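This report concerns only the one structure given below.
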Amino acid sequence: MLSLYGKQLSSRLLLGTAQYPSPAILAEAVKASGTALVTVSLRREAAGGKDGGRFWELIRSLGVAVLPNTAGCHTAREAVTTAMMARDVFGTNWIKLEVIGNHDTLQPDVFELVEAARTLAREGFAVFPYTTDDLVVAERLLDAGCEVLMPWCAPIGSAKGPLNPDALRTLRGHFPDVPLVVDAGLGRPSHAATVMELGFDAVLLNTAVAKAGDPAAMAAAFAGAVEAGRAAWLAGMLEPRDMAVPSTPVIGKAVFS
């Protein structure tokens with residue numbers, strides 16, 4: 001079980017709900033993934049009008065927990081305001097905090113992010129900050145009151161997979177007791193397995209599933225990869241070696257002349 005802010009979740013695969021071809025396909029993907037939590041943007045809910053209302057009804061019908069996000073915000077003040085509204089709309093104090101600093105890479109503005117996290121933590125929010133893989137920023141977010149960190153492994157929607165495994169490995173080693181969720185940049189199930197093998201607690205996906213030829217099948221593939229990566233981490237993997245090592249013992253081997 002995955003424990004986040006005292007809540008137990010049955011799956012370590014978290015799923016975004018944007019960009020799907022249709023609501024029906026979204027519902028199929030959520031069910032196929034086995035996820036227990038989906039992210040939802042307040043801006044989509046607010047801008048959708050009647051369609052937004054129907055979307056929210058669909059999400060509630062899926063029987064999964066909801067993590068609202070502040071997608072599209074570029075300042076701490078904007079993110080805090082959005083989070084306050086999301087708490088009223090979705091009836092939860094959980095918030096995925098996004099404060100974007102660069103339009104091309106969608107990289108977080110870590111300065112505004114920390115400021116917003118501190119304010120929201122004081123207001124009683126359970127903050128899930130979308131951040132970079134920077135160790136110092138991670139420390140600042142924890143000091144601000146975050147109990148979960150969500151570092152990227154590559155830019156949002158890039159599907160490049162983990163660009164800096166060493167940085168991710170460092171985060172895991174430095175914060176052994178902090179739930180770490182890789183968020184953004186995963187494009188293939190093998191990418192999810194890789195970060196789970198590094199010891200991360202979960203992954204959050206959206207584009208790789210929503211834009212797949214068969215979103216439901218891709219969601220199921222990612223679910224399997226997450227489980228495999230987690231099982232490998234727990235089992236204790238063989239580390240790479242510089243030299244070949246025979247798998248068959250040579251001591252006591254018969255000698256033929």
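Remember, it's a predicted structure, so these values are computed and weren't measured experimentally. Atoms considered below: every heavy atom in the structure, side chains included; atoms not considered: hydrogens, waters and symmetry mates.
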Any idea how H74 and H103 line up, ring-wise: parallel (<30°), tilted (30 to 60°), or perpendicular (>60°)? tilted

Answer yes when [X] and [Y] have at least one side-chain N-carboxylate O distance shorter than 4.0 Å, and no when they do not.
X    : Y    : value
R172 : D133 : no
K96  : D183 : yes
E239 : R241 : no

Search all heavy atoms of [X] against all heavy atoms of [Y] and return the closest pair with its distance.
X    : Y    : value
E139 : H174 : OE2-NE2, 3.1 Å
L186 : C153 : CD2-SG, 3.5 Å
I95  : A86  : CD1-CB, 4.0 Å
W152 : T105 : CZ3-O, 4.0 Å
E197 : A232 : CG-CB, 4.1 Å
A219 : A29  : CB-O, 3.4 Å

If you define the side chain from C-beta out and look only at heavy atoms, does anything of [X] sit under 4.5 Å from [Y]?
X    : Y    : value
L2   : Q8   : no
L163 : P155 : yes
L15  : N206 : no
L4   : L9   : yes
I59  : S61  : no
V38  : V30  : yes
F222 : V209 : yes
T39  : L14  : no

Are the aromatic rings of F200 and W233 close, with centres under 6.0 Å apart?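 Centroid distance F200-W233: not below 6.0 Å, so no.
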
Ring centroids only, cut at 6.0 angstrom: are W94 and F128 within range, meaning strictly under it?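 Close enough - the centres of the two rings lie under 6.0 Å apart.
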
Verify same cluster id: [X], [Y] (apolar side-chain graph, 4.5 Å):
X    : Y    : value
L142 : L168 : yes
Y130 : L141 : no
V110 : I100 : no
V64  : L42  : yes
M218 : I156 : no

Does the pair L135 and L171 meet the rule for a side chain to side chain contact (heavy atoms under 4.5 Å, CB included), with working shown? CA-CA 6 Å; L135 180 62; L171 281 178; 4.0 Å; yes

Set out, in order, the CA-CA distance, both residues' side-chain angles and the distance that settles side chain to side chain contact (heavy atoms under 4.5 Å, CB included) for M150 and V182, then state yes or no. CA-CA 5 Å; M150 303 184 77; V182 169; over 6 Å; no

List the steps and the verdict of side chain to side chain contact (heavy atoms under 4.5 Å, CB included) for L205 and L13. CA-CA 8 Å; L205 308 167; L13 172 59; 3.2 Å; yes

Looking at [atom1] of [X] and [atom2] of [Y], how far apart are the two atoms once the value is rounded to the nearest 0.5 Å?
X    : Y    : atom1 : atom2 : answer
T75  : E115 : OG1   : CD    : 8.5 Å
R118 : C146 : CZ    : SG    : 9.5 Å
N164 : D166 : CG    : CG    : 6.0 Å
R87  : E123 : CZ    : CD    : 6.5 Å
E28  : D214 : CD    : CG    : 8.0 Å
R230 : L234 : CZ    : CG    : 4.5 Å

For [X] and [Y], indicate whether the former's side chain and the latter's backbone hold a donor-acceptor pair under 3.5 Å.
X    : Y    : result
T35  : K31  : no
Y5   : V127 : yes
R12  : M1   : yes
T194 : S190 : yes

Candidate pair T70 and E98, rule side chain to side chain donor-acceptor pair (under 3.5 Å), full reasoning: CA-CA 5 Å; T70 62; E98 299 181 27; 5.9 Å; no

Would you check, one step at a time, whether the test side chain to side chain contact (heavy atoms under 4.5 Å, CB included) holds for L149 with V178? CA-CA 8 Å; L149 297 175; V178 175; 4.3 Å; yes

